[in-house]
Participant: 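Let me give you the structure first, and then I'll get to my questions.
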Number of protein chains: 2
Amino acid sequence: MGVGIGDVARRAGVSTATVSRALRGLPNVSDDARRRVLAAALELDYVVSPSASSLASGRMAAIGVVAPSVARWFFGQVVGAAEDAFRRAGYTLMLYLVEDQERRRRLFTDLPMRRRVDGLVVVSLPLDRTETDAVHRLGIPVVQVGSVRSGSVERFASVRIDDIAGARVAVDHLIALGHAEIGMIAGGLQERLDFTAPEDRRTGYRHALAAAGLPVDPALDVEGGYTVAGGEQAMAQLLARPRPPTAVFAQSDEMAMGALTTIRAAGLRCPDDVSVIGFDDHEMARLFDLTTVAQPVHEQGELAAAQMLAMIAGAPAGEPVVLPTRLVVRGTTGPPARRSVAKPPRTAAG
Amino acid sequence: MGVGIGDVARRAGVSTATVSRALRGLPNVSDDARRRVLAAALELDYVVSPSASSLASGRMAAIGVVAPSVARWFFGQVVGAAEDAFRRAGYTLMLYLVEDQERRRRLFTDLPMRRRVDGLVVVSLPLDRTETDAVHRLGIPVVQVGSVRSGSVERFASVRIDDIAGARVAVDHLIALGHAEIGMIAGGLQERLDFTAPEDRRTGYRHALAAAGLPVDPALDVEGGYTVAGGEQAMAQLLARPRPPTAVFAQSDEMAMGALTTIRAAGLRCPDDVSVIGFDDHEMARLFDLTTVAQPVHEQGELAAAQMLAMIAGAPAGEPVVLPTRLVVRGTTGPPARRSVAKPPRTAAG
DNA sequence: TTGAAAGCGCTAACAA
DNA sequence: TTGTTAGCGCTTTCAA
C-alpha cells in the first residue's frame, strides 16, 4: 500500500486538490491537468482511500439494505435489482439481514448502519412507531419496499403493490369461475416479522366475498406462515373440514405450492376437486401450472433504488409508488366440480 | 450530527484515548474509567464514525462478498449464512453481484471493493489467472466458495463440495436401479460465468458409466444452462431421440424440475417411463418428490465466513475444506420399465 | 492505567 | 483554473 494523493500530485505536477478534483471528474480542471493526473494515477496504480474520502466529505458511497432474508425468492430478486442500480451509480450495497424478532430489535436499537451508509432501503418490514423514529433520526433518506404502516409513510419514500387489490383480483377470479366456498391460506403474523401484507390480502379476500354476497367463514381462513410446509399443513386443515372449500386463495405462491402438494397427496385433483390460486408469480409457479397474481419484483427493487438515488441527490421523498399486479391464469383454477348452478365457460388452461 | 469522541471524553473526565480504548473493550482501562465512559457515551448517544475509525486504524469492518446472483437459491442461501456470521463478528457484508461477463470483467479490473473491505469471499466464480493475481494483489484474505481453479487454490482458502463424487453418487444410484441408458442435463459453460461445476459433474457422470462398463453417448449429454427453462428444453431434446434414455441426471435441481415438467407434458410418467435425479436438494425438490444429491448450502456460507474471520485474525489460509454430499432418494427414480420397442413419445413443443 | 499529540489520506473553503 | 491549508474524528504510539 502507500500510494497517496500526494504522490499523484507530485507526479502530475499539480496540487492534491487538483488531483482530487480531476479524479472525481469535477468540471473546473483544465484538460491538460486532468490528463496528467489521470496518467499519473494510472501509472502509480492509485486508488482513493474510501475512509479518508468519507471522513473528509461525509459521504459513504454505500447504501444499506435491510431485508428479512435474501434466501427467499422475493427478497433475493429485490436485493439483486437494487444492487445493480446502486453499483451503476457508484454505491456499494451493505446488506443487513433480519431473520427474526431478536435481530430486528437489535437492528433498530443498535442501528449498526449508523453513519455507515448514505441511505437506507427497508424491504418488507413495516416499521412501527419506535423503529420509524429511530430510522428517521439517522438523518438519511429512507425508502421502504412493500407495504408500510401509516406514520412512516409520510416521512419516507415507498414502493409497493396494492395487496388489497391484488387479493381482490385473485378471489374475484375464483368467484367468477363459480366458487362460493373459498378458503384462504394467510401469511400469518405471529412468529414472523409482522408484515402488513397478510392483513391487506385478507382485506382483499373479504371485500371480494362481500361484493359477491358470499359469507365469510372464519374457519376457512387458516395460516400458512408464508412457507411451503405451512401451506401444506394449512391445506390439510382445510381438507379435514366436513365441507372443504372448493377453491383456495393462498397469499403466496410458496404456500400455494404446498397446498397443491397436499391436494395431490390426498388423492384429489386440481382444479377438478379444488382450485388453487397463489400470489407473487414465483419463478417456479409456472412449473406447478399455478394460477396466481403476479407482482413486479425486479421493478420494485429498481424503483426503490432510483428513488433512493434521487433523494441522495437532493430530491424530496415523493409520493408512494404503487405498482400494478396482474392476474396470471394457469391450470390450477377452474369451475367447481359439483354444485355449480350456472356453468361458467371452462378456461383454456387445463 | 456532531457528538465526537471528545465530547464523551470531557463528560467522562478522561482523555479521548481512554474513551477509544474503553469503547472498544481493550483491557488496559480501569473499571471505573470504563464505566464512566460507557455512561457518557450512552447519555450523549455517541457512535464512532466508521470512516474516522477506519482511516486511523486501517480496518474497514466490512467483508466483500462477490456472487453471480442473490436471486438464485444456492447463492441466496450462502450469502445469507455468511451475512449472519459476519454481522455477529461485527462486520458488515458488502455485496457485489456479477451477473454477466461484462460485469465480471469490470469487477476484476476496477476492483470496486479495493480498500473498502477487510476480506473477500468469492462465491462460485472460479478465478482465472489474471483474476487471481488481481485479487491477490488486494493484500486481503480471500475465501472461495465452490470449486476453484488450480492456481488460486494455493493462495486462497476455499470451501466446496466434491462435485465429481456427488455426480458419481447420483449416476451410481441410477445404475444400481438397473438403468443402462442414462442421459445428463449439464449446467453448460458458454454464456454463464464458467463455473467448474458442470465439468466436474460431467466427470463424475462419466466415471460412473465407465465403472459400470456402460458406454458414453455424447448425444445423451445435453445442456440446460442451470435454469428451469433450460432443463425443460434439454429434456425435450432427450425425449426426441429415437431411443430416449431411461434415466436422466440433471446437474441441478432447477433443471431437474424443468425436466420433470417436460416429461409430464409429454404424457410420460416419472419414474415409470423416465427416472430423474437432480443435484442440490433445492428447497422445492421435496415438492417434486425429486431424488437428488444434497449439498450443504448454509454450511458452506458459514464455514467460508468462519475461515474469513480466522484469517482476518491472522490465521493462515488453511487447507481447502471439502464438504460431503448426500444422496436423497425420493420418488423420481426407480427401475427402468421393460421396454421391447422404443416407442416415440409425443413431445410437447416447448 | 492514563494522556498528549501525531498522524491517517482526503475534501473543501478560501485565496491567488 | 489552481494551490494552500485547515479540518474530518478517530487510533495509536510514546511518555508519564
Side-chain angles (χ1 to χ4, degrees), chain A residues 1-41 44-62 90 112 114-118 139-140 312 314, chain B residues 1-38 40-41 44-62 90 92 114-118 139-140 312:
Chain A
M1 326 297 276
V3 177
I5 198 173
D7 301 306
V8 179
R10 215 164 301 121
R11 179 154 194 141
V14 296
S15 71
T16 58
T18 298
V19 172
S20 177
R21 291 191 272 254
L23 255 27
R24 284 181 296 153
L26 297 191
N28 43 351
V29 178
S30 68
D31 280 359
D32 182 51
R34 188 185 305 281
R35 225 183 337 264
R36 292 203 326 271
V37 167
L38 291 177
L44 296 173
D45 194 28
Y46 167 80
V47 241
V48 301
S49 151
S51 32
S53 172
S54 296
L55 178 57
S57 69
R59 275 174 252 110
M60 307 303 300
R114 231 170 131 175
R115 322 247 248 135
R116 296 211 67 162
V117 298
D118 298 317
I140 54 177
I312 287 178
Chain B
M1 323 307 273
V3 177
I5 199 173
D7 301 305
V8 179
R10 216 164 301 122
R11 179 156 195 138
V14 296
S15 71
T16 58
T18 299
V19 172
S20 175
R21 289 191 274 255
L23 255 27
R24 282 180 297 153
L26 298 190
N28 45 350
V29 177
S30 67
D31 280 359
D32 183 52
R34 189 185 304 281
R35 226 185 333 266
R36 287 193 343 258
V37 167
L38 292 177
L44 296 173
D45 194 29
Y46 168 80
V47 240
V48 302
S49 151
S51 32
S53 171
S54 295
L55 176 57
S57 70
R59 276 176 252 109
M60 308 303 301
T92 297
R114 232 169 131 173
R115 318 248 251 140
R116 295 212 68 162
V117 298
D118 297 317
I140 54 177
I312 287 177

Participant: Using the side-chain contact (heavy atoms from CB on, under 4.5 Å) rule, take B/Val14 and B/Arg21 through it: C-alpha gap first, then chi angles, then the decisive distance, then the call.
Facilitator: CA-CA 11 Å; B/Val14 296; B/Arg21 289 191 274 255; over 6 Å; no

Participant: Salt bridge check, A/Asp32 against A/Arg36: does any charged N sit closer than 4.0 Å to a carboxylate O?
Facilitator: yes

Participant: Salt-bridge test for A/Arg35 and A/Asp31: reply yes if a basic N is under 4.0 Å from a carboxylate O, no otherwise.
Facilitator: no

Participant: Any side-chain to backbone donor/acceptor pair from B/Arg24 onto B/Ser20? Under 3.5 Å, distance only.
Facilitator: yes

Participant: Can you check the B/Asn28 CG to D/dT11 P distance for me, whole Å?
Facilitator: 14 Å

Participant: Grab the CG-P distance between B/Leu26 and D/dT13 for me, whole Å please.
Facilitator: 12 Å

Participant: To the nearest angstrom, how far is B/Leu44 atom CG from D/dC10 atom P?
Facilitator: 12 Å

Participant: Report which part of the nucleic acid A/Arg34 touches: base, sugar-phosphate, or nothing (heavy-atom distance under 4.0 Å, all strands).
Facilitator: nothing

Participant: For A/Met60 and D/dC10, give me the distance from atom CE to atom P, rounded to whole Å.
Facilitator: 12 Å

Participant: To the nearest angstrom, how far is A/Arg24 atom CZ from C/dC10 atom P?
Facilitator: 11 Å

Participant: Output one letter per nucleotide in nucleotides 3-9 of chain D: B when a protein non-hydrogen atom lies under 4.0 Å from the base, S when only the sugar-phosphate is that close, - when neither is.
Facilitator: BB--BBB

Participant: Would you tell me if any nitrogen or oxygen in the side chain of B/Ser20 comes within less than 4.0 Å of OP1 or OP2 on D/dT12?
Facilitator: no

Participant: Within the side chain of B/Arg115, is there an N or O that forms a donor-acceptor pair under 3.5 Å with the backbone of A/Val47?
Facilitator: yes

Participant: Determine whether a donor-acceptor pair (N or O, by modelled atom type, separation under 3.5 Å) exists between the side chain of A/Arg59 and the backbone of A/Ser53.
Facilitator: no

